[in-house]
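So the structure is just underneath, and the comments pick up after that.
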Amino acid sequence: MSDTTLEDRYARLARVRPRLLSFARLHLRDHAAAEDAVQEALIAAIEKNDSFSGRSGYETWVFGILKYKLLDQMRQQKRQGKWEPFDDDAGEEVLDQMFRRSGHWAPNAVPQSWGEPDKALENESFWQVFDACMLALPDNVARVFSLRELMGLTTEQICEEVGIKENNAWVILHRARLKLRSCLEKGWVENAA
Amino acid sequence: MIMCRAATRLMSKQLDVSLTRREATLLRFHVMMCKACRRCQQQFNMLHDIGDPFIERAPDSTEDLERHQQAVEQARLSSKSDTDESNDKTD
């Protein structure tokens, strides 16, 4: 590979690095650990440069490398006993506030229109609010959500990684989605209007 | 008949696993009649797809690019391909 192409790859790595970092931070919830994981991913991407086939986009390929590193880091955190135990009932009270006893939405929790939700994804302030909403979730809830929706693991794989039952995973994901939905609506949609 | 709380549980579960035919029917029927739950479902779906746009479309941060260029340079120096002595750069 010629030097100019390599230089081009390095420039693209520098441009994608901020996004790699925020992805890693969302997942690990630890700035230093995120920096480490991203740095390891960059080194791996440079070393394996020749094995990039061009079938996917270069950035997607780099993100794939980062995902492996993040899973590694997460397993390490778990082994080092840095995780709180999973509590089945945590977060249930939030649902009790969102819904009336009858099972209908509580008046102040009824989902509002987000306009065109897909447009939100191109808006920088959306991502800032998303970041804040993820941080507001309890560690374990955020971890399961992130494994499912950012890392793309199946609930079966998640159960293996974190050691919970599949039914647990569904309960946790349900709460996570409801909380994130509500937090995004308060922080982004209502402020943008 | 299911209520909104149960409907959100099913629409969440549907993103992770196939629902039974009965669950799917209950959910479809509820969502058809409930505007709030239709919105909720649309928003859950958006959250479900949030990983891909994150990679492809999340806007670049306004942070200093130089910092990231330096980090890439460091990674390059730590990588095996550049520690090769015959390839040592003097500039």
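Numbered from 1 within each chain, the chains take letters A, B, ... in sequence-line order.
Taking the ring axis of Trp114(A) as reference, the NZ or CZ atom of Arg39(B) does not stay both within 45° of it and closer than 6.0 Å to the ring centre. Taking the ring centre of Phe44(B) as origin, the terminal cationic atom of Arg181(A) falls outside the region bounded by 6.0 Å and 45° from the ring axis.
Looking at Ser146(A), there are no atoms closer than 4.5 Å to chain B (heavy atoms on both sides), in backbone or side chain. Heavy-atom distances place both the backbone and the side chain of Leu15(B) under 4.5 Å from chain A. Using a 4.5 Å cut-off between heavy atoms, Arg177(A) contacts chain B through both its backbone and its side chain. For Lys67(A), the part lying under 4.5 angstrom from a heavy atom of chain B is the side chain only. With a threshold of 4.5 angstrom between heavy atoms, Glu35(A) approaches chain B through side-chain atoms but not through N, CA, C or O. When heavy atoms are compared at a cutoff of 4.5 Å, Ala36(B) approaches chain A by way of both its backbone and its side chain. Of the atoms belonging to Thr155(A), it is side-chain heavy atoms, and not backbone ones, that fall under 4.5 Å from chain B. Both the backbone and the side chain of Gln74(B) come within contact range of chain A, each with at least one heavy atom under 4.5 Å from a heavy atom of that chain.
When each of Ser12(B), Ala6(B), Cys34(B), Ala7(B) is checked for heavy-atom pairs under 4.5 Å with chain A, Ser12(B) comes out on top. Interface remark: of the candidates His48(B), Gln69(B), Met3(B), His48(B) forms the most heavy-atom pairs closer than 4.5 Å to chain A. Taking chain B as the reference chain and counting heavy-atom pairs below 4.5 Å, the highest number among Gly103(A), Ser102(A), Ala41(A) is found for Gly103(A).
Closest approach of His27(A) and Leu70(A) over heavy atoms only: CD2-CB, 4.0 Å. The heavy-atom pair separating Ala45(A) from Ile65(A) by the smallest distance is CA-CD1, 3.8 Å.
There is no side-chain donor-acceptor pair under 3.5 Å between Glu47(A) and Ser79(B).
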Review point. Taking it one step at a time, do Cys133(A) and Cys183(A) satisfy disulfide bond (SG atoms under 2.5 Å apart)?
Key: CA-CA 6 Å; Cys133(A) 290; Cys183(A) 180; 2.1 Å; yes

Practice item. Might you work through the salt bridge (Lys or Arg N to Asp or Glu O under 4.0 Å) test for Arg17(A) and Glu66(B), ending with a clear yes or no? Key: CA-CA 11 Å; Arg17(A) 189 172 177 275; Glu66(B) 211 173 304; over 6 Å; no

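We find that Glu23(B) and Lys13(B) are joined by a salt bridge, their nearest charged nitrogen and carboxylate oxygen being less than 4.0 Å apart.
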